[in-house]
2 protein chains.
Amino acid sequence: MNQTIDQAADAASEQIKGKGERTRDRILEIAENSVLNKGFGATSIEELICEAGITKSGFFYHFKDKNELARALLLRHIEQDEKILDQVFLRGQELVDDPLQQFLIGLKILAELVEDLPQGHPGCLIAVYCYQERLFDNEVRLLNRQAVLGWRTRFRAILDRIVDVYPPNEPVDLDELADMVSTVVEGGIVMSKALGRPHMLANQIMLLRSFVKLLFTRQPV
Amino acid sequence: MNQTIDQAADAASEQIKGKGERTRDRILEIAENSVLNKGFGATSIEELICEAGITKSGFFYHFKDKNELARALLLRHIEQDEKILDQVFLRGQELVDDPLQQFLIGLKILAELVEDLPQGHPGCLIAVYCYQERLFDNEVRLLNRQAVLGWRTRFRAILDRIVDVYPPNEPVDLDELADMVSTVVEGGIVMSKALGRPHMLANQIMLLRSFVKLLFTRQPV
DNA sequence: ACTTTACCCTACCGGCGGTACAGTTTTCCG
DNA sequence: CGGAAAACTGTACCGCCGGTAGGGTAAAGT
């Protein structure tokens, strides 16, 4: 749920991208940083173009208004997010065969990944747009919904393979349990930010991992 | 983590409050609604004074700037929140003696409480201010921190009494577990809003309840 | 060569947060 | 009842920011 990985691929694709697209990407990069730090409303176009070294006209050449910037940011964010989650949970599948262990490994890796972020998780644009600072259009809201449903599908698939082997010790709805991963990550980010304790997010993910373990493994009496 | 309760008390105290304070309260009421729906940045002073039936000068008589409005909103929100949490978890203590059961009942009541909100939980100002749309001053950030730490203390106290009786089935840090209540609520609100499914929050709280149950009760083999 | 892309420059508009300050009504309290 | 303090109103103004309009231009593709 973050960037920073595959910068090698980015650098390579940088070559084949046109100049326009590279400028656009630069704007998005700067904007995402600013939006996650200060919010969308507090991120002025002036500031973006200043840092990007372009003019106002240049900005509006790439984005017809601030709403389009928001949409582009969200698309980019969701895309990068998917990539990272793919990598994290694929790694679990490479290491072991048992679906429960795969999931537990994935959660551990995810926790380590967010732990290693020097100044904490930068935040999730989906949450930013939920506590919308402006009234976003339907497309943005739909994108948001789609992204969250994508997470559900991803984790639900994993859980389905787990329950085939391990009957849960408590009756739980698997969609809701799948959603709990997203819930804990989103909530953990809020808590980390509120307390100024970046590692909290990792802790909360590890707690969720404990829950999954308890739920699917037989306890010794 | 919401208002709507004790309107009787409000109506009673309405009498003894001066006119100024009543106007101030009205502004805050309108503002909270608007901020939770549209965000702080999208909530214009113009709009507030229009709905409150006062003038711009009137507004700035009560609040020296928008930041002070933010601070007052947060204070009010935290206060109401504390009241509700007090009621919810006190009810559990009235019904049974066992600390684990008390907590489980409290979580259930909390889930029902947020379930009953017709248009979903209005949102949490703490989260809004985390994904800050403007750069709030230190006082606001400190207030936010204090509120979250208050939640931790509250739930930690409950958990302490539980572990005295029930040894946990997994090694967990009790502060982190206490924080998980807040995490799930904050995350659940984000998820509810993103999906447009108000009941999700209640589901996630009930899932957390399952976790607590699994963690502290001996499982049958 | 020539079209398209990717900008720059200047000027302007309206909305909003915020200030200043003088004037007016309402409320409270002795 | 009277006077002071509280609770506003009215008007005028400032600067920032999002956004528009439109003309000009260097460089990249073809």
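Chain letters run A, B, ... following the sequence lines, proteins first, then strands; residues in each count from 1. What's counted below: heavy atoms across the whole structure, side chains too, no hydrogens, waters or symmetry copies.
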Study note, to complete from the structure: In whole angstroms, the gap separating P of dA7(D) from CZ of F60(B) amounts to 18 Å
Check your understanding: Short question: side chain of R197(B), backbone of S192(B) - any donor-acceptor pair under 3.5 Å?
Key -> no
Point to revise | Nearest-Å distance for atom pair CZ/C1', residues F63(B) and dT19(C) | key: 18 Å
Check your understanding: CG of L48(A) versus P of dG19(D): gap in Å, rounded?
Key -> 12 Å
Point to revise | Derivation of the salt bridge (charged side-chain N to carboxylate O under 4.0 Å, His left out) call for R91(B) and E94(B) | key: CA-CA 5 Å; R91(B) 184 79 185 118; E94(B) 286 170 9; 2.8 Å; yes
Point to revise | Distance in angstrom units between K64(A) NZ and dC7(C) P, rounded | key: 19 Å
What nitrogen or oxygen pairs link the protein and nucleotides 14-16 of chain D at under 3.5 Å?
none

Exercise for review: Just grab all the salt bridge (Lys or Arg N to Asp or Glu O under 4.0 Å) pairs involving residues 40-51 of chain B, residues at least two apart or on different chains.
Suggested key: K38(B)-E47(B)
Practice item. Return the set of residues passing side-chain contact (heavy atoms from CB on, under 4.5 Å) with E82(A) (not counting sequence neighbours), or none when no residue passes. Key: I78(A), W151(A), R154(A)
Practice item. Only counting residues at least two apart or in another chain, list the ones meeting salt bridge (Lys or Arg N to Asp or Glu O under 4.0 Å) with D160(A). Key: R156(A)
**Study point:** Pairs meeting criterion salt bridge (Lys or Arg N to Asp or Glu O under 4.0 Å) with involvement of residues 106-127 of chain A, two or more places apart
**Key:** K108(A)-E112(A)
**Study point:** Check: H199(A)/N203(A) side-chain N/O donor and acceptor closer than 3.5 Å
**Key:** yes
Review point. Could you state the CZ-C1' distance from R22(A) to dT5(C), rounded to the nearest angstrom?
Key: 13 Å
Exercise for review: Whole angstrom is fine here: how far is it from CD in E46(B) over to P in dC17(D)?
Suggested key: 19 Å
Review point. Between Q102(B) (side chain) and F89(B) (backbone), is there a donor-acceptor pair under 3.5 Å?
Key: no
Point to revise | Atom-to-atom span, CZ of F40(B) to P of dG17(C) - whole angstrom | key: 9 Å
Review point. Going by atom types only, do R141(A) and N138(A) share a side-chain donor-acceptor pair under 3.5 Å?
Key: yes
Exercise for review: Round to the nearest Å and state the distance from E47(A) atom CD to dG18(D) atom P.
Suggested key: 9 Å
Review point. With the sugar-phosphate defined as primed atoms, P, OP1 and OP2, and the base as all remaining atoms, what B/S/- string results for nucleotides 8-13 of chain D, 5' to 3', for protein heavy atoms under 4.0 Å?
Key: BBBB--
